[in-house]
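Following: one structure in structure tokens, then a few remarks.
Computed from heavy atoms alone, side chains included, the values below leave out hydrogens, waters and symmetry copies.
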Amino acid sequence: MQVQTQLSWSERIAATIMQQCNEDGFHAFPSGRWAYVEGMTLMAMARTGEEYGKQEYIDFMKRHMDLYVHPDGSIGTYSLEEYNLDQINQGKNLFALLDDAKDGRYAEAAHLLAAQLAGQPRTSEGGFWHKKIYPFQMWLDGLYMSSPFLSQYAKTFQRPELFDEVAHQILLVERQTRDPRTGLLYHGWDESKEQIWADSLTGCSPHFWSRAMGWYAMAIVDSVEHFPLNHPKRGTIIGIFERMCNALVRVQEQESGLWFQVLDQGFRKGNYLEASGSSMFVYALAKGVRLRYLEPHFRTAAEKGWQGLTSKLMEETTEGVRLNGICHGAGLSLDRDGSYGYYVSEAIVSDSFMGVAPLLLAALEMERLP
């Protein structure tokens with residue numbers, strides 16, 4: 001493949017994703033199951049197709065969704081009883097497909113995922129546990145997995161009470177995880193304060209992980225987009241979003257425009273400028289500006305971040321767009337203690353969809369800015 005500089009960045013990134021598949025289009029995603037990173041990638045591809053009139057990208061999403069969504073609306077490899085918020089994320093693609101199936105399969109699949117959230121185990125104040133196996137824990141990641149889906153579900157199926165649920169989840173986790181000194185949000189919160197990583201007084205994990213805050217920032221802009229204008233919590237959510245974005249701009253590395261793996265630790269030994277979180281922040285800032293959730297001056301931070309991504313972490317070769325500096329994965333558990341040393345010791349990889357998908361979303365939002 002020749003480098004096609006006449007195409008937009010999003011088209012070039014999407015073309016690279018397509019090139020990584022075999023001819024049948026089913027080999028981009030090695031997990032082989034209904035999963036959150038795959039779901040985010042499919043959504044980014046379909047949005048690119050819609051933006052640029054490229055049906056092959058929309059078809060790419062539909063082919064992969066049809067590997068799992070059966071005619072009766074059941075979902076292959078998915079188990080409701082896991083009560084795992086990660087498993088909601090791929091369901092966001094169902095809404096774009098609702099008119100494509102006379103058998104109602106996509107609507108039934110959406111109802112199935114909504115049923116999981118109705119029964120999701122909760123903290124004492126009604127916050128969704130991240131997973132059944134993580135009792136009384138809320139993670140910022142989970143807000144992205146579940147809130148935009150539930151918000152669009154509420155709008156699509158005329159369930160206005162579910163907007164209240166979405167607002168409750170977004171505001172509760174912010175109240176429990178926000179550090180008043182920096183304005184940044186800790187990765188996770190354990191109401192029971194039993195976990196090895198949980199602070200004995202607050203229950204919060206000890207550090208501000210870039211991608212965790214990226215998930216949360218994207219959750220807000222993707223959820224509020226579906227809210228009715230007169231919802232009583234809409235303005236509050238937009239207000240805490242702007243407050244949080246001010247905190248993110250304060251820790252944006254000035255020379256590169258990017259964000260660190262551990263946001264407030266600068267160039268401390270082992271810390272690095274990380275691609276997935278930086279892409280998520282660019283996406284959220286740009287979309288927030290476009291939809292007027294944020295004041296216009298935040299555009300400067302988005303543009304600076306995008307310039308940093310394209311100049312520092314992205315490269316183009318004859319094989320397409322490459323992205324470097326991606327944290328392979330991080331979580332909170334007995335062997336993942338949330339320490340600084342833990343976050344900077346996780347593998348740093350290139351071209352993982354964990355980073356490429358938010359990069360594609362960020363490119364699209366930058367291109368949509370007027």
Side-chain angles (χ1 to χ4, degrees), residues 8-10 44 47 51 140 143-144 147-148 151 167 170-171 173-175 177-186 208-227 229 231 233-264 266 273-314 355 357-370:
S8 67
W9 272 116
S10 58
R47 285 187 188 176
E51 184 72 17
L140 296 180
L143 276 295
Y144 177 76
S147 294
S151 184
I170 288 172
L171 294 172
V173 81
E174 194 263 357
R175 175 161 56 84
T177 62
R178 182 177 181 271
D179 171 48
R181 183 180 62 83
T182 62
L184 301 173
L185 277 58
Y186 293 105
F208 310 113
W209 180 38
S210 178
R211 190 154 73 222
M213 283 200 69
W215 290 128
Y216 183 74
M218 294 200 303
I220 290 182
V221 292
D222 286 0
S223 297
V224 176
E225 186 175 24
H226 303 294
F227 267 55
L229 294 179
H231 190 277
K233 298 295 186 184
R234 184 177 184 272
T236 305
I237 295 170
I238 292 173
I240 66 164
F241 177 61
E242 176 144 344
R243 179 174 69 166
M244 182 187 72
C245 287
N246 275 311
L248 288 171
V249 169
R250 286 195 292 270
V251 293
Q252 186 176 22
E253 201 279 308
Q254 288 306 299
E255 185 177 342
S256 66
L258 299 170
W259 282 266
F260 289 101
Q261 164 76 341
V262 183
L263 285 167
D264 65 333
L273 298 167
E274 199 278 327
S276 66
S278 295
S279 297
M280 291 173 179
F281 296 143
V282 169
Y283 170 79
L285 289 165
K287 187 170 182 177
V289 169
R290 177 174 65 82
L291 297 178
R292 300 187 177 183
Y293 304 157
L294 296 175
E295 294 301 304
H297 66 82
F298 283 97
R299 180 178 184 140
T300 301
E303 290 173 339
K304 193 171 183 178
W306 180 247
Q307 176 62 29
L309 285 165
T310 55
S311 64
K312 304 288 186 185
L313 298 180
M314 293 163 62
L359 179 73
L360 178 51
L361 292 171
L364 277 169
E365 278 303 328
M366 291 304 297
E367 291 155 17
R368 294 182 74 184
L369 281 174

Can you list the residues that meet the side-chain contact (heavy atoms from CB on, under 4.5 Å) rule with [X], with sequence neighbours excluded?
X	result
A363	W9, S10, I13, W306, E367
A212	L140, D141, H187, W209
L291	E225, K287, Y293
T182	D179, L184, F208

So, taking the atom named [atom1] in [X] and the one named [atom2] in [Y], what distance separates them when rounded to the nearest 0.5 Å?
X	Y	atom1	atom2	answer
L313	S278	CG	OG	6.5 Å
L359	L364	CG	CG	10.0 Å
L185	I240	CG	CD1	8.0 Å
C245	H297	SG	NE2	10.0 Å
D222	L361	CG	CG	7.5 Å

Restricting to non-hydrogen atoms, name the atom on [X] and the atom on [Y] that form the minimum distance, rounded to 0.1 Å.
X	Y	answer
A362	S279	CB-O, 3.4 Å
P358	M280	CB-CG, 3.8 Å
A167	K233	CB-CB, 3.7 Å
L258	L309	CD2-N, 3.5 Å
G355	S276	CA-CB, 4.0 Å
L360	A44	CD2-CB, 3.6 Å

Does anything in residues 290-302 pair up under salt bridge (charged side-chain N to carboxylate O under 4.0 Å, His left out), and if so which pairs, sequence neighbours excluded?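 Sorted pair list: R290-E365, R299-E303.
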My understanding is that only residues two or more places apart in sequence, or in another chain, count here; which of them pass salt bridge (charged side-chain N to carboxylate O under 4.0 Å, His left out) with E51?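 Expected list: R368.
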Taken in chain and number order and not counting sequence neighbours, the residues that satisfy salt bridge (charged side-chain N to carboxylate O under 4.0 Å, His left out) with R250 are none
If you apply the rule side-chain contact (heavy atoms from CB on, under 4.5 Å), what do you find for R178 with M244, and how did you get there? CA-CA 9 Å; R178 182 177 181 271; M244 182 187 72; over 6 Å; no
With side-chain contact (heavy atoms from CB on, under 4.5 Å) as the criterion, how do V221 and F241 come out once you've worked through the C-alpha distance, each side chain's angles and the decisive distance to 0.1 Å? CA-CA 9 Å; V221 292; F241 177 61; 3.4 Å; yes
Q252 side-chain N/O to A301 backbone N/O, donor-acceptor pair under 3.5 Å: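 Yes.
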Check: L294 main-chain N/O paired with E242 side-chain donor or acceptor under 3.5 Å: no
If the condition is side chain to side chain donor-acceptor pair (under 3.5 Å), which residues does [X] pass it with, not counting sequence neighbours?
X	result
T310	none
S151	none
K312	none
E255	none

With a 4.5 Å heavy-atom cut-off, do [X] and [Y] have their side chains touching?
X	Y	result
W259	E253	no
L248	L285	no
E174	L171	no
F281	L263	yes

Suppose we screen for ring-ring contact (aromatic ring centres under 6.0 Å, His included). Which residues come up paired with Y216, at least two apart in sequence or across chains? none
